[in-house]
Amino acid sequence: MVPLEYYLVLSAAVFCIGVFGVLARRNALIFLMSVELMLNAANLVFVAASGQYGTISGQVFSLFTMALAAAEVAVGIGIVLVVYRKFKGVDVTKATAMRW
Amino acid sequence: MSSTLELAAFALFALTTVGFSLGVVLAKEAWHSALSLGGALFTVAIHYVMLDAEFVAAMQVLVYVGGVLVLLAFAVMLTEGEQEVAA
C-alpha cells in the first residue's frame, strides 16, 4: 500500500496546477478544465483516505462530487456559449457587461 | 518486493498525472488542453484502481471521460471553429 502522504502530495500538486490555471489563463473553457482538475484532486484525497482508514464513506463522497462536477460543467458550458455569442469570444477579460 | 513495485508504479502514474495537468494549463490551444485533461482524468482513474476503489474508477471513466470531456470538446469545437471565421 502506498502511504497516504504520497497521495496528499500528488493531490496538492494537481490542485495547485488547477489554481494556477484559473488565475493565469483567460480562456473560459480552460477555466472549466482547471476547476475539473481541482475537483479531481479533492476526489483523490477522499478515496486515498478512505483506503487508509478502512471505511467506504470517502468513496461515496467522491461519487457525489463526480455528479456535482458533471452538473457544474453542463451549466458552465451553457454560460460559456452565451458569453461567446454575446462577446464574440471566450476571453473572460472581454465580458465586461456586469463588471464595474 | 511488491511494495517497491507498487511505489514505482505510483511514481510513474503520479508523474503522468502531474504532466497531463500541466499540459491542461500550459497548452496554447483549448483543444490540446481538453486532450490533456482526458489523460489526467484517465491517470486519476488508474490511481483509483491502485487504491482498490474499482467502482469509483469505473465511474470516473464513465462520467468524466465519457460525459464531461465530450461536453468540453463539444464546446471547444463550437467556439474555436467560429472564432477562426470571425477573426
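The chains referred to below are lettered A, B, ... by the order of the sequence lines, with proteins before strands, and numbering in each begins at 1.
- Environment of CZ in B/Phe10: crowded, with over 12 heavy atoms of neighbouring residues, nucleotides or ligands closer than 6.0 Å.
- Taking all atoms of both residues into account, the shortest heavy-atom contact from A/Asn27 to B/Ala30 is ND2-CB, 3.6 Å.
- Placement of A/Leu63 and B/Leu62 within a single hydrophobic cluster is found when ILVMFWY residues are connected by side-chain heavy-atom separations under 4.5 Å, directly or transitively.
- Under the 4.5 Å side-chain heavy-atom criterion for Ile, Leu, Val, Met, Phe, Trp and Tyr, A/Phe64 and A/Leu68 are members of distinct hydrophobic clusters.
- Note that CZ of B/Phe74 and CG of A/Leu81 are 7.5 Å apart. Values are rounded to the nearest 0.5 Å.
- If you measure heavy-atom distances from A/Ala74 to chain B, the contacts under 4.5 Å come from both the backbone and the side chain.
- Put simply, of B/Leu72, B/Val18, B/Asp52, the one with the most heavy-atom pairs under 4.5 Å next to chain A is B/Leu72.
- The choice from A/Ala48, A/Gly18, A/Ser34, A/Gly51 that makes the most heavy-atom pairs within less than 4.5 Å of chain B is A/Ala48.
- The minimum heavy-atom distance linking A/Ala70 with B/Val63 is given by the pair CB-CG1, 4.1 Å.
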Discussion item. Pair B/Leu51, A/Tyr7 - check side chain to side chain contact (heavy atoms under 4.5 Å, CB included), show working.
Written reply: CA-CA 10 Å; B/Leu51 283 163; A/Tyr7 282 105; 3.6 Å; yes
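- Each of B/Val76, B/Leu78, B/Leu71 was compared with A/Ile77 under the side chain to side chain contact (heavy atoms under 4.5 Å, CB included) criterion, and only B/Leu71 meets it.
- Summarising the geometry, atom CG belonging to B/Leu41 is positioned 7.0 Å from atom CD belonging to A/Glu36; distances are rounded to the nearest 0.5 Å.
- Side-chain atoms of A/Asn43 and B/Tyr48, non-hydrogen and from C-beta on, do get closer than 4.5 Å to each other.
- Looking at heavy atoms from C-beta onward, A/Asn40 lies in side-chain contact with B/Gln60 at the 4.5 angstrom threshold.
- Smallest separation of non-hydrogen atoms from B/Leu26 and A/Arg25: C-NH1, 3.8 Å.
- Summarising the geometry of A/Gly21 relative to B/Val25, their closest heavy-atom pair is CA-CG1, 3.5 Å, with the distance given to 0.1 Å.
- A single hydrophobic cluster is seen to contain both B/Phe42 and B/Val44, as judged by linkage of ILVMFWY side chains at heavy-atom distances under 4.5 Å, directly or through other members.
- In this structure, B/Ser21 and A/Ile17 approach most closely via the heavy-atom pair O-CG2, 3.4 Å.
- Residue with the most contacts toward chain A among B/Gly67, B/Ala40, B/Ala27: B/Ala27 (heavy-atom pairs, distance under 4.5 Å).
- A continuous path of Ile, Leu, Val, Met, Phe, Trp and Tyr side chains, each step under 4.5 Å between heavy atoms, connects A/Leu23 with A/Val14, placing both in one hydrophobic cluster.
- Cluster membership check: B/Met77 shares its hydrophobic cluster with A/Leu32, using side-chain heavy-atom separations under 4.5 Å among Ile, Leu, Val, Met, Phe, Trp and Tyr.
- In A/Phe61, the CZ atom is not crowded: 12 or fewer heavy atoms of neighbouring residues, nucleotides or ligands sit closer than 6.0 Å.
- Chain A forms more heavy-atom pairs under 4.5 Å with one residue of B/Ala11, B/Ser33, B/Ala9 than with any other, namely B/Ser33.
- Between A/Met33 and B/Ala34, the closest heavy-atom pair is SD-N, 3.6 Å.
- From A/Ile30, atom CD1 reaches atom NZ of B/Lys28 across 10.0 Å, with rounding to the nearest 0.5 Å.
- Contact annotation: the side chain of B/His47 never approaches that of A/Val47 to less than 4.5 Å [non-hydrogen atoms, C-beta and beyond].
- In this structure, the separation between CD on A/Gln59 and CD on B/Glu54 is 8.5 Å, given to the nearest 0.5 Å.
- Put simply, the side chain of B/Tyr64 reaches to within 4.5 Å of the side chain of A/Leu39, judged on heavy atoms.
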